[in-house]
There are 2 protein chains.
Amino acid sequence: MAVRTHQSQRRRQVLTRERIVETAVELLDASGKDALTVRALTGRLATGSGAIYWHIGNMDELLEAAADAVVATALARPAEVAPQDEIRAVALGLFDAVAEHPWLAAQLAAQLIRNPWGPVTLRIFESVGRPVSALGVPRDDWFTTTSTLVHYVLGATAQTSQRADGFEVDRAEFLATASRAWRDLDPDDYPFMRAIADQMREHDDREQFLTGVNLVLTGIAALHIKGD
Amino acid sequence: MAVRTHQSQRRRQVLTRERIVETAVELLDASGKDALTVRALTGRLATGSGAIYWHIGNMDELLEAAADAVVATALARPAEVAPQDEIRAVALGLFDAVAEHPWLAAQLAAQLIRNPWGPVTLRIFESVGRPVSALGVPRDDWFTTTSTLVHYVLGATAQTSQRADGFEVDRAEFLATASRAWRDLDPDDYPFMRAIADQMREHDDREQFLTGVNLVLTGIAALHIKGD
DNA sequence: ACCTGAACACCGTTCAAGT
DNA sequence: ACCTGAACACCGTTCAAGT
């Protein structure tokens with residue numbers, strides 16, 4: 001024990017891939033994507049740029065690993081009760097993870113686009129697909145049904161990822177400003193946006209997100225679950 | 001007339017914001033996002049960097065304008081027949097625009113995240129929301145219903161934006177490879193992905209996209225349209 | 001008003017050299 | 001095997017200077 005402690009004190013901390021990813025997440029959480037630079041990493045880790053590149057291939061790979069680490073944590077949960085509740089829990093898990101890590105939304109989108117079946121996407125599909133298959137949906141519809149749910153969840157989390165961090169006051173102000181802006185749009189070009197300006201002012205992102213999940217679940221039940 | 005031609009020949013082409021945006025779209029279409037640099041623009045337009053910055057604020061603004069131009073074209077259509085068909089047409093319009101302009105997916109995502117109610121998002125919401133309101137959905141549900149549709153469409157177009165440009169052969173190969181990879185996943189960690197590996201090999205992106213739109217439309221009908 | 005283009009302050013990444 | 005850190009080849013953006 002004493003020896004172990006002594007050793008780790010002497011060598012301080014070994015530079016590992018994990019420690020780099022961890023530090024990357026810290027930098028991203030603290031100051032956003034632009035703050036994650038190789039130079040910032042070498043500063044925090046008291047090392048040189050070559051050391052970083054010894055452990056990770058490049059910046060994209062590091063961002064991918066950071067996103068995967070956060071998503072894995074967000075989705076690591078015991079199997080839930082009813083499949084529908086499990087789906088809602090997974091969806092909210094992602095929604096809240098993106099709220100806590102604002103950089104995550106852009107990173108999820110980037111990976112979905114660049115590498116549509118990379119580890120992060122796979123993880124999300126698996127987490128949503130498992131309860132979908134327990135829902136009574138015919139096997140042939142598992143892929144399409146799960147895709148629809150996942151795509152909705154990712155689209156929705158993207159748009160609502162920048163909710164005013166912290167103050168509910170800011171949030172209300174933001175909604176009121178947007179609502180007013182929609183009222184002032186050209187009636188010929190934007191009749192619909194003007195019509196929903198009031199709903200914009202009063203809506204709650206998280207609640208609306210769940211309503212959307214339920215809407216998709218209703219569609220799934222109506223289309224695929226017999227005798228419902 | 002002759003004078004006009006003469007003038008435009010003499011001054012060649014005036015540098016305008018539109019011409020810069022146009023050239024930006026050309027560069028993006030030809031070689032992707034990394035190819036759009038201020039230096040590439042000055043080369044093509046035979047001008048200096050300061051001239052670019054005289055007309056546009058910065059690179060982000062240029063990307064936003066490029067996306068808006070492409071989306072505006074993709075969504076500019078006469079009012080369609082039945083609302084459901086109109087919704088499908090708008091969705092496919094975006095889907096195909098992203099297929100034609102692969103850089104657009106990432107740009108739409110970036111703007112959705114950075115500026116959730118910017119001009120592009122507004123345009124898309126309006127195009128989807130108008131037929132939604134004609135669908136018989138109660139007014140109070142217009143915002144939520146339209147959001148669900150739009151979020152699904154954006155999530156789905158993002159993941160399927162990188163379909164092998166050109167050759168269907170490549171596409172089949174890509175699907176087969178992914179399908180095989182899923183088969184080889186850890187059975188404990190990824191039972192669902194393994195179960196749908198066959199569906200992956202045989203699915204068609206565009207068809208699956210439309211199936212998803214129909215699923216959401218079914219949910220809307222079941223929840224909000226009385227006597228259906 | 002509109003444009004030029006050198007200069008500035010950054011990047012990610014590489015690589016000879018060290019241990 | 002693992003790390004150092006100077007050097008390279010890029011970026012976006014600014015700004016004094018021109019017309």
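So you know, we letter chains A, B, ... as the sequences are listed, proteins then strands, and number each from 1. All of these numbers come straight from a predicted model, not from anything done at the bench.
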Does this structure show an ion pair linking A:Arg130 with A:Glu86, if we count only N-O contacts that are shorter than 4.0 Å?
no
Salt bridge check, A:Asp60 against A:Arg114: does any charged N sit closer than 4.0 Å to a carboxylate O?
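Salt bridge present between A:Arg114 and A:Asp60.
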With a 4.0 Å cut-off on heavy atoms, is B:Ser49 in touch with a base, just the backbone sugar-phosphate, or nothing at all?
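Since a base atom lies under 4.0 Å of B:Ser49, the category is base.
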Tell me what A:Leu36 touches on the nucleic acid: a base, only sugar-phosphate, or nothing, going by heavy atoms under 4.0 Å.
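The answer is sugar-phosphate, as A:Leu36 gets under 4.0 Å only of primed atoms, P, OP1 or OP2.
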Provide, to the nearest angstrom, the distance between the [atom1] atom belonging to [X] and the [atom2] atom belonging to [N].
X	N	atom1	atom2	result
B:Leu41	C:dC3	CG	P	14 Å
A:Tyr53	C:dG12	OH	P	6 Å
A:Leu15	C:dT19	CG	C1'	16 Å
B:Glu61	D:dG12	CD	P	15 Å
A:Trp54	C:dT13	CH2	P	17 Å
B:Asp34	C:dG12	CG	P	14 Å
A:Leu45	D:dG5	CG	C1'	16 Å
B:Met59	D:dC11	CE	C1'	10 Å

Would you find a donor on one side and an acceptor on the other, under 3.5 Å apart, between the side chain of B:Thr42 and the backbone of B:Ser49?
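Checked: no pair found.
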Using a 3.5 Å distance criterion without hydrogens, assess whether the side chain of A:Gln208 forms a donor-acceptor pair with backbone atoms of A:Asp204.
no
Between A:Arg39 and A:Gly50, which residue's closest nucleotide on DNA chain C lies nearer the 5′ terminus?
A:Arg39
5′-ward residue of the pair B:Asp60/A:Ile52 relative to DNA chain D
A:Ile52
Per side chain to side chain donor-acceptor pair (under 3.5 Å), A:Arg206 is matched among A:Asp96, A:Thr160, A:Thr211 by A:Asp96
Let's see if you can work this out: which of C:dA1, C:dG12, D:dC3 has an atom nearest to the side-chain heavy atoms of A:His55?
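Closest nucleotide to the A:His55 side chain: D:dC3.
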So what's D:dG18 paired with, Watson-Crick or G-U wobble, going by both distances under 3.5 Å?
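Its partner is C:dC2 (Watson-Crick or G-U wobble, both distances under 3.5 Å).
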In the structure shown, which nucleotide is the Watson-Crick or G-U wobble counterpart of D:dA7, with both distances under 3.5 Å?
C:dT13
